[in-house]
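Since the structure comes first, as structure tokens, the remarks are kept for the end.
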There are 2 protein chains.
Amino acid sequence: MAVTLKEVAELAGVSRSAVSRTFTDGASVSARTREKVEKAAKTLGYKPSLIARSLATNRTKLIGLVANNFQNPAFLDVFDLFTSELQKRELRPLLVNLSAETSPKKVVELLRQYSVDGVIVATSTLPTSFAIAFQTAGIPVIHTFGKFQANANVHVVGIDNDYCGAMAARTFSERGYSTVALLGGPETATSTQDRSAGFQRTAAELGLKVAKVCFAENYTYKAGRDAMRDVLKDPEVEAVFCGDDLICMGAMDAARDAGKSIPEDIGFLGFNDIGMAGWDAYALTTIRQPIRDIIMSSVELVVGMVENPGRSPEIRLFPCSVIERGSLRPLPEAG
Amino acid sequence: MAVTLKEVAELAGVSRSAVSRTFTDGASVSARTREKVEKAAKTLGYKPSLIARSLATNRTKLIGLVANNFQNPAFLDVFDLFTSELQKRELRPLLVNLSAETSPKKVVELLRQYSVDGVIVATSTLPTSFAIAFQTAGIPVIHTFGKFQANANVHVVGIDNDYCGAMAARTFSERGYSTVALLGGPETATSTQDRSAGFQRTAAELGLKVAKVCFAENYTYKAGRDAMRDVLKDPEVEAVFCGDDLICMGAMDAARDAGKSIPEDIGFLGFNDIGMAGWDAYALTTIRQPIRDIIMSSVELVVGMVENPGRSPEIRLFPCSVIERGSLRPLPEAG
DNA sequence: AATTTTTTTGCAACCGGTTGCAAAGTTTTT
DNA sequence: AAAAACTTTGCAACCGGTTGCAAAAAAATT
């Protein structure tokens, strides 16, 4: 069915190598040969087979994209940006939905079998060891949204979660809150752990009482709503720092359900700044994570790794900022 | 770096074919040979290269997944289901983000170059001709969420949009509304056109006045909010049928912003039943589209096509149903 | 035990490209 | 016009598997 190199070579009256070279960037072909080949290729509708090329060059132009959070709208942006950014560079994403795949080990095997050129692990709920498994298998890997360590042994692109936790504590303190709660994302996520640490440490420093610490089971509205019921048992809580906007929205609805009004009776601070955070019904004050920068940088880095595998592990962190809307008391007037 | 067939064959003391056969389902190998090979493979950590296999067998186990709607939360389900459903069958999704890709023609070329075994085009905003282009190129294709025609020439899996439009009109009529509006999705989407047709025809039959027909520019909250401002100019509109839940939520907020309360002053009927539709802040009455059934069926069909390319085009439609929440007047008591 | 049937095995060609190398062809230099 | 330097080209081997075919081995039949 498909037209091959050989047929084009025959029609153009040149060798197979000549045809191959016309379709390879930077190869040496004379203008006359190129013209003949291009004409023949056009006539036959020839396009080189990327599979065959991959076998010969040992490059597939496939980038594995491993995620386990297909429920959260925050990931829509991630997918959109990843795919379009890869496409711009003539690369393709090979998606792996980790929630469905049995073991992480299998995922590594699988992507190795497909000879992906690189892998982006986009999740904060997996340990660093997962990303390292790719590295051990000789596959360039970036742990996006991952936990960074001073003695990095794997590329990490994301944010400083500890610092963001501290930022949340400061945000509460500046607005005059004195007793607050933490309603984090899944407890096993490294992002949750780091934010929690930063939040509690800074709260202590600022004399802010953290009356309650709890965690939602996953990044969903429902999990947030359920966990919030627990927080509401404690009447002294004036504001809640949530590990994710979706969780936060669930928590807000639980609070409203209990007759509280926002921000008068209770304040909420979200995380991520997903599109919905700006909707009138929630008007969420939240800490924005610069997804776009993170993704672009991850793609750039993985491409760099492919070109230069020896590159030493890098940590790239992007700043987050508080987006002021209506779910917290306003800052007191300066002066 | 990677271990090859040849090395395994040498270690096991058998021919390359024997190794190949141990890793090919249904091939003939004796128990003793298989054992020797498996032992050698384990020692060396061998896994067959899928690229090489693809070249030889002309099957890649890659399924192209073309989408152009990465903004809508409804697509999270789509991605999740598609990827996990493909994974169960040992297939991989090769994602194409159409919004970023220049021309549809290029997409066909691209997926052909990667020799995908099949393609699922998951969008209602592209004409049937797009799906047909794959077919012409000899690639099995399913148009999921596509427009179906009596004389089908391409597989379509989805819903009967005309019928759903009619269902919306009946829903309004049953609840005693007499003057309504249609706030559809993008006007170029075939789903919008069909729903609109069914809605208006049935409204006319039921004596329901459609005072206003307009369309959101895309499937977003903002587009819904903007378009709703136009609808609000007409004070006689009692209820609005929206082309998508996200659009509907935007529209609801525009209405509330104008001081209307829901459902007392104005009613809303959404479409899709995304997770957020159930949130307290919206409690959207909406027409549920059975995404899960549609996706599972699409995957099953594309697999069937790969196995039997001669298969004649099929149309698979799934029923939708009204999910009653709080954005419409209740049904009058029976009797 | 000899013959027939069935199963297993290795050989070698093939899938559709790339690429190092040396020969052939051009262009530049002397 | 010959020599030197540079380009272009085709040959042939290779990437890592699969598979039809015939020979070899094993099992079943007589």
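So that the names make sense, note that chain A is the first sequence line, chain B the second, and so on, each numbered from 1.
Nearest-nucleotide positions on DNA chain C for T57(B) and R32(A) put T57(B) closer to the 5' end. Place G13(B) and R53(A) on DNA chain C by their nearest nucleotides, and G13(B) ends up nearer the 5' end.
By the neighbour-count criterion of 12 heavy atoms within 6.0 Å, atom CG of N153(A) is densely surrounded, having more than that number from other residues, nucleotides or ligands.
One atom, NZ of K6(B), and another, P of dG10(C), lie 16 Å apart when rounded to the nearest Å. Note: CG (L5(B)) to P (dG10(C)) measures 12 Å, nearest angstrom. We find that CG of L50(B) is positioned 15 Å from C1' of dC15(C), with the value rounded to whole Å. For the pair L55(A) CG and dA13(D) C1', the computed distance is 14 Å after rounding to whole Å.
T4(B) comes within 4.0 angstrom of sugar-phosphate atoms only, judged by non-hydrogen atoms across all strands, and of no base. No contact: S54(B) has no heavy atom under 4.0 Å from any strand. The residue V29(B) sits close only to the backbone: its heavy atoms come under 4.0 Å of sugar-phosphate atoms, none of a base. Heavy atoms of S28(B) sit under 4.0 angstrom from at least one base atom.
For the pair S17(B) and dG10(C), the criterion of a side-chain N or O lying under 4.0 Å from OP1 or OP2 is not met. When the side-chain nitrogen and oxygen atoms of S15(B) are compared with OP1 and OP2 of dG10(C), one or more of them lie within a distance under 4.0 Å. Between dG17(D) and Y46(B), a contact under 4.0 Å exists linking OP1 or OP2 to a side-chain N or O. Between S30(B) and dT7(C) there is no side-chain N or O to OP1 or OP2 distance below 4.0 Å.
In this structure a side-chain-to-backbone donor-acceptor pair under 3.5 Å is present from T190(A) to S124(A). Not a single donor-acceptor pair under 3.5 Å links the side chain of N68(B) to the backbone N or O of S99(B). The backbone N or O of V157(B) lies less than 3.5 Å from no partner atom in the side chain of R316(B), so there is not a single donor-acceptor pair.
In the interface, the side chain of R59(A) is not paired with the base of dG17(C) through any donor and acceptor atom under 3.5 Å apart. Between the side chain of R16(B) and the base of dG16(D) there is no donor-acceptor pair of N/O atoms closer than 3.5 Å. Side-chain atoms of R21(B) and base atoms of dG17(D) include no donor and acceptor less than 3.5 Å apart.
Using the six-membered ring where Trp is involved, F79(A) and F70(A) have ring planes that are tilted, between 30° and 60° apart.
Minimum atom distance to the side chain of T33(B) is reached by dT9(C), of the listed dT18(D), dT9(D), dT9(C).
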